[in-house]
Q: 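Below is one structure. I have some questions about it.
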Amino acid sequence: MADADPNAGAPFDPSDLAHPEFTPDPSASREEMEALQREIAAVARFEDDHGLLPERIALDSPFEIGSGLPSATQRTLVPEGSGDAGPIVVGIDQAFRGGGGASGTDDGSGESISAAVAIRDGRVIEYAHAVTPLSIPYIPGLLAFREGGPILAALDALSVEPDLLVLDGSGRIHYREAGIATHIGVIHDVPSIGVAKSLLCGDPDEPIDGRPAGWRTPIRADRSMSTVAEDEPVVGYAYQSRQYPNARTINPLYVSPGHRVSPSTAVDLIEALCAGYKLPEPTRLADASADAVTHGSR
DNA sequence: GCGACAG
DNA sequence: ATCTTGTCGC
């Protein structure tokens, strides 16, 4: 047989479960892209399948940025055990360069700077990034085909194994329940959460304007979405991570499960990762890291 | 046909 | 996402 298992007898490794066949191909047709997203959604699991506890990954004070990014303090390789190291949370974000579009919408040219920041026990343990040429423009609903490759490249550059991925954009809050957080989470078979700054689709249970910090309301599937589980219409949450006392109002975040996390746990985990700013710390750091690479300071 | 639309 | 000055408020 030509298909002997090369990993027979090998110890369990999460990457063994990776699904390379789900890698987004920017040259695919729109129909093929949508078909792949339906396959991804069918494999995705929007329920808790992890050992993550909000209090175990909580960050009480924000990382100091402004004066340069905090330095990574990775401890040497420790298989398991020295004390008890907490879960590794990885935040990912992108910045862009070049592109020929006039007003900022692009034709697909230019390059993506994707940055990944790994955090454990309240400290940054590793930074990684990848610079990738872009081939297609941004199309609502097909974001993963533009930025999925760059994100996977950044994750490949990371030496540690993530226990949770926090991605910019949607997870289950997506027309085919396969936003970029779901796509990446399924490929790596790692728990993932999507954090978006605006709503792609779906309806909030309550109006979202002017809510106090800590407030949240479910986002339910609307008719533009194909819901796999008809009995579970909650696809995510609007979550007010920060609010000013009096001044102008801040919009909430839209949190949705990517893979192996339930909607409510996803918000609880993101809430624990927020430390005073609108964006969760892993995302803030990844954002700053991508900018640093883009502007040459790295 | 019209409107909506993550980054 | 990116392009950019000023402006309001603690």
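Only this structure's heavy atoms are used, side chains among them; waters, hydrogens and symmetry mates stay out. A quick note: this is a predicted structure, and the numbers were derived from the prediction, not measured.
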Q: I want to verify a distance call: between B/dG7, B/dA6, C/dT2, whose nearest atom is closest to the A/L200 side chain?
A: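 Among B/dG7, B/dA6, C/dT2, the one nearest the side chain of A/L200 is B/dA6.
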Q: So if I take every side-chain heavy atom of A/H174 and compare against C/dT2, B/dA6, B/dG7, which nucleotide ends up nearest?
A: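 Output: B/dA6.
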Q: Assign A/R97 to base, sugar-phosphate, or nothing according to its heavy-atom contacts below 4.0 angstrom with the strands shown.
A: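 Here A/R97 touches no strand at all.
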Q: Roughly how many Å is it from CZ in A/F96 to C1' in C/dC3, rounded to a whole number?
A: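 Taking CZ of A/F96 and C1' of C/dC3, I get 15 Å after rounding.
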Q: Among side-chain atoms of A/R176 and A/Q37, is any donor-acceptor pair under 3.5 angstrom?
A: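 There is such a pair between these side chains.
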Q: Heavy-atom nearest nucleotide on DNA chain C for A/R248 versus A/D287: which residue maps closer to 5'?
A: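 The residue whose closest nucleotide sits nearer the 5' end is A/D287.
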Q: Nearest to the A/Y138 side chain among C/dT2, B/dG7, C/dC8, which nucleotide is it?
A: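 Comparing C/dT2, B/dG7, C/dC8 against the side chain of A/Y138, the answer is B/dG7.
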Q: Once you round to the nearest 0.5 Å, how far does CG of A/L167 lie from NE2 of A/H259?
A: 12.5 Å
Q: Once you apply a heavy-atom cut-off of 4.0 Å, does A/G141 come out as touching a base, just sugar-phosphate, or nothing?
A: base
Q: Can you tell me how far P of B/dG7 sits from CG of A/D291, to the nearest Å?
A: 15 Å
Q: Write down the distance between OH (A/Y175) and P (B/dA6), rounded to a whole number of angstrom.
A: 7 Å
Q: Would you mind classifying the nucleic acid contact of A/I173 as base, sugar-phosphate or nothing, using non-hydrogen atoms under 4.0 angstrom?
A: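 No contact.
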Q: What is the separation between atom CG on A/L143 and atom P on B/dA6, rounded to the nearest whole Å?
A: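 From A/L143 CG to B/dA6 P: 9 Å.
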Q: On the nucleotide B/dG7, are OP1 or OP2 found under 4.0 Å from the side-chain N or O atoms that A/K197 carries?
A: yes
Q: Between A/D93 and A/T283, do the side chains contain an N or O donor and an N or O acceptor separated by less than 3.5 Å?
A: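 No donor-acceptor contact under 3.5 Å links the two side chains.
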Q: Let me know the distance between CZ of A/F145 and C1' of C/dA1, rounded to the nearest Å.
A: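 So the two atoms are 19 Å apart, to the nearest Å.
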Q: Regarding A/I113, tell me which of base, sugar-phosphate or nothing describes its non-hydrogen contacts under 4.0 Å with the strands shown.
A: nothing
Q: Take the protein atom CG of A/L134 and the nucleotide atom P of B/dG7, then report the distance between them rounded to whole Å.
A: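 Distance, rounded to whole Å: 16 Å.
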Q: Would you say the side chain of A/D268 lies within less than 4.5 Å of the side chain of A/R216, judging by non-hydrogen atoms?
A: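 A/R216 vs A/D268: side chains touch.
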Q: Give one of base, sugar-phosphate or nothing for A/S198, where a contact means two heavy atoms less than 4.0 Å apart.
A: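 Since only primed, P, OP1 and OP2 atoms lie under 4.0 Å of A/S198, the category is sugar-phosphate.
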Q: Rounded to whole angstrom units, what separation is found between the CD1 atom of A/I136 and the C1' atom of B/dA6?
A: 14 Å
Q: Using a strict cut-off of less than 4.0 Å between a Lys/Arg side-chain nitrogen and an Asp/Glu carboxylate oxygen, indicate whether A/R260 and A/D189 qualify as a salt bridge.
A: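 Judged by the 4.0 Å cut-off on N to carboxylate O distance, A/R260 and A/D189 do form a salt bridge.
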Q: When all nucleic acid strands are considered with a 4.0 Å heavy-atom cut-off, which category describes A/A181: base, sugar-phosphate, or nothing?
A: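 No contact.
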Q: What is the distance from OH of A/Y244 to C1' of C/dT7, rounded to the nearest Å?
A: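 Checked: the OH to C1' distance equals 13 Å.
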